[in-house]
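Worksheet: the structure to be examined is printed underneath.
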2 protein chains.
Amino acid sequence: MNIATDTRSRIIAAAKPRFHSRSYANVGIQEICESAGVQKGSFYHFFPSKRDLVLAVIDEYAEEWASGFVAEAFDPALPPMERIDYLIDAAYFWQKSIKEVHGRMLGCIFGNLTLEVSTQDDILRAKLLAIFTRAKSRFRETLEEAVSKDIIPPLDAALTAEAMLAYLEGVILLAKAQNDPDVLYRLGPAIKTLRIETMAP
Amino acid sequence: MNIATDTRSRIIAAAKPRFHSRSYANVGIQEICESAGVQKGSFYHFFPSKRDLVLAVIDEYAEEWASGFVAEAFDPALPPMERIDYLIDAAYFWQKSIKEVHGRMLGCIFGNLTLEVSTQDDILRAKLLAIFTRAKSRFRETLEEAVSKDIIPPLDAALTAEAMLAYLEGVILLAKAQNDPDVLYRLGPAIKTLRIETMAP
DNA sequence: CTTGCATTTTACCGAACGGTCAACTAGTAT
DNA sequence: ATACTAGTTGACCGTTCGGTAAAATGCAAG
């Protein structure tokens, strides 16, 4: 059982950086197996298909984020709007450190996969959508708290949260197009200027 | 010569919707040739490689956009900020009509390709970056005009333009994740709330 | 009528693709 | 000791991948 889970996690560990730095279609199972030191038959003992592997990779990344600096950013001890600053900062430094090691801006794996596969695989699309929905909730809760504490004027927290998430993904996209994390640094802070007013009742 | 250009443009015409609705890696040259009624040897007479084909496809899309509703949106006769409204509207209706025909939100082909290939091919990345740079300029010029006419308070037009472009791409990304163009309708108008102030001199 | 060139056809290349299968190994429970 | 099972191995499936080369075709200028 130990050895078993080890094989499985070695596969995932080999797949993660590859899917992140290239694309879903461009990474083959053979390559992953070679890198993980695993036979292809063994791969298919743990994963029924390539899609199931990428599903597991998405889960690992989501977990890594949620318990990592996303948890730090959305620390209830911080003033609400500072959490958003923190998140942008963290995204910037993360992308920057990846570029220093890897030579390239890799961007957000969820965004990358979304644009690549969501027209071709509804199961993957649903998985990625769930990730975004969770992220959206973090923004929404933060905005609601900021409004209730009179830190910002009232607004439509749900819609503004979605807008902020969209903006973050868009900034990462443009940064990737320029292969330059500094785009995040320049454009990121403007996320707090986004506002969607509450609909008149 | 007529027949020649016809073959070439039939290839591009077959490739365009496929790269848009799926992805770069997922569309094969064989499929494109079959759909265009062209032999593979003939394909390689006109395009040295698959990359050169997608380069041509990007050019065609860029041309189609620039002379289509992007030209309409950035009509100098319109008040500057209304041009941005128009662009959002046009993007929404375009995505919506595609979904009605195709069943899926396909999003922005430039954004799609950027996230898929820009870590793997610097020539493609440069091409896509050039498209974004042109789009950014349209936004910037519009903002500069709005500022000079006292329609909006002074701001950093170049940075705000980039932020707006990022936001647009991000909104399209989220809409694609939900396979729902209405996301564009809900979030799009907030693009005008984005602001990046001029740096203190 | 022929030379030359652009285009097209056809057959082919080796490599990689995702996935399958049957045989084998090893540890555990009875 | 035996039977069962989770895990592993390595060979193999048909298909597709991007790309190549040579021969055939059509056409236009000399």
Side-chain angles (χ1 to χ4, degrees), chain A residues 1-58 113 116-125 127, chain B residues 1-58 113 116-125 127:
Chain A
M1 187 198 195
N2 272 344
I3 303 169
T5 49
D6 179 64
T7 299
R8 198 188 122 98
S9 56
R10 273 207 331 273
I11 293 170
I12 293 176
K16 275 174 70 179
R18 285 172 172 79
F19 284 138
H20 191 195
S21 68
R22 309 227 291 283
S23 71
Y24 179 63
N26 199 56
V27 177
I29 287 164
Q30 194 168 307
E31 176 191 346
I32 291 167
C33 289
E34 278 162 19
S35 156
V38 161
Q39 235 47 29
K40 200 187 271 195
S42 219
F43 174 94
Y44 280 98
H45 177 72
F46 290 100
F47 301 98
S49 71
K50 187 183 183 184
R51 178 213 274 160
D52 292 279
L53 169 64
V54 83
L55 244 16
V57 166
I58 292 169
L113 288 173
E116 181 183 358
V117 307
S118 65
T119 54
Q120 304 174 59
D121 188 321
D122 273 329
I123 289 172
L124 284 180
R125 187 175 63 78
K127 181 72 164 188
Chain B
M1 188 203 195
N2 272 341
I3 301 168
T5 48
D6 179 65
T7 299
R8 198 188 123 97
S9 56
R10 274 207 331 272
I11 292 171
I12 294 176
K16 275 175 71 179
R18 284 173 172 80
F19 284 138
H20 191 195
S21 67
R22 311 228 290 282
S23 72
Y24 179 62
N26 199 57
V27 177
I29 287 165
Q30 193 168 306
E31 176 191 345
I32 291 168
C33 288
E34 278 162 17
S35 156
V38 161
Q39 245 28 45
K40 199 186 272 194
S42 220
F43 173 94
Y44 279 99
H45 176 73
F46 290 99
F47 300 97
S49 71
K50 187 184 183 183
R51 177 213 274 160
D52 292 279
L53 169 64
V54 83
L55 243 18
V57 166
I58 292 169
L113 287 173
E116 181 182 358
V117 306
S118 64
T119 54
Q120 304 175 59
D121 189 320
D122 273 329
I123 290 172
L124 285 180
R125 186 175 64 77
K127 181 72 166 186

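A, B, ... follow the sequence lines: proteins, then strands. Residue 1 opens every chain.
Judged by distance alone, the side chain of A/Glu116 and the main-chain N or O of A/Ala25 form a donor-acceptor pair under 3.5 Å. Side chain of A/Lys127 to main chain of A/Val54: no donor-acceptor pair is present (N/O by atom type, distance under 3.5 Å, no hydrogens or angles).
In this structure, CZ of B/Arg18 is placed 17 Å from C1' of D/dG18, rounded to the nearest angstrom. Atoms CD (B/Gln30) and P (D/dT20) sit 16 Å apart, rounded to a whole Å. In this structure, A/Asn26 atom CG and C/dA16 atom P are separated by 12 Å, rounded to whole Å. Residue A/Ile29 contributes atom CD1, which lies 10 Å from atom P of C/dT20 at whole-angstrom precision. Rounded to whole angstrom, the span from the CD atom of B/Gln39 across to the C1' atom of D/dA23 amounts to 14 Å. For the pair B/Glu31 CD and D/dT15 C1', the interatomic distance rounds to 14 Å; values are reported in whole Å. Taking atom CD1 of A/Ile11 as the reference point, atom P of C/dG19 lies 14 Å away to the nearest angstrom. In this entry the distance linking OH of B/Tyr44 with C1' of D/dA23 reads 20 Å, nearest Å.
Remark: B/Thr7 is not in phosphate contact with C/dT7, judged by side-chain N or O atoms under 4.0 Å from OP1 or OP2.
B/Asp6 has a carboxylate O that lies under 4.0 Å from a charged side-chain N of B/Arg10, or vice versa, which qualifies the two as a salt bridge.
In the set C/dT20, D/dG18, D/dT8, the nucleotide with an atom closest to the side chain of A/His45 is D/dT8.
For C/dG18, its base sits under 3.5 Å from the side chain of A/Lys40 at one donor and acceptor pair at least.
Comparing A/Tyr24 and A/Gly41, the nucleotide of DNA chain C nearest to each residue sits closer to the 5' end for A/Tyr24.
Side-chain contact between B/Phe47 and B/Leu55: absent, with no pair of heavy atoms (C-beta onward) separated by less than 4.5 Å.
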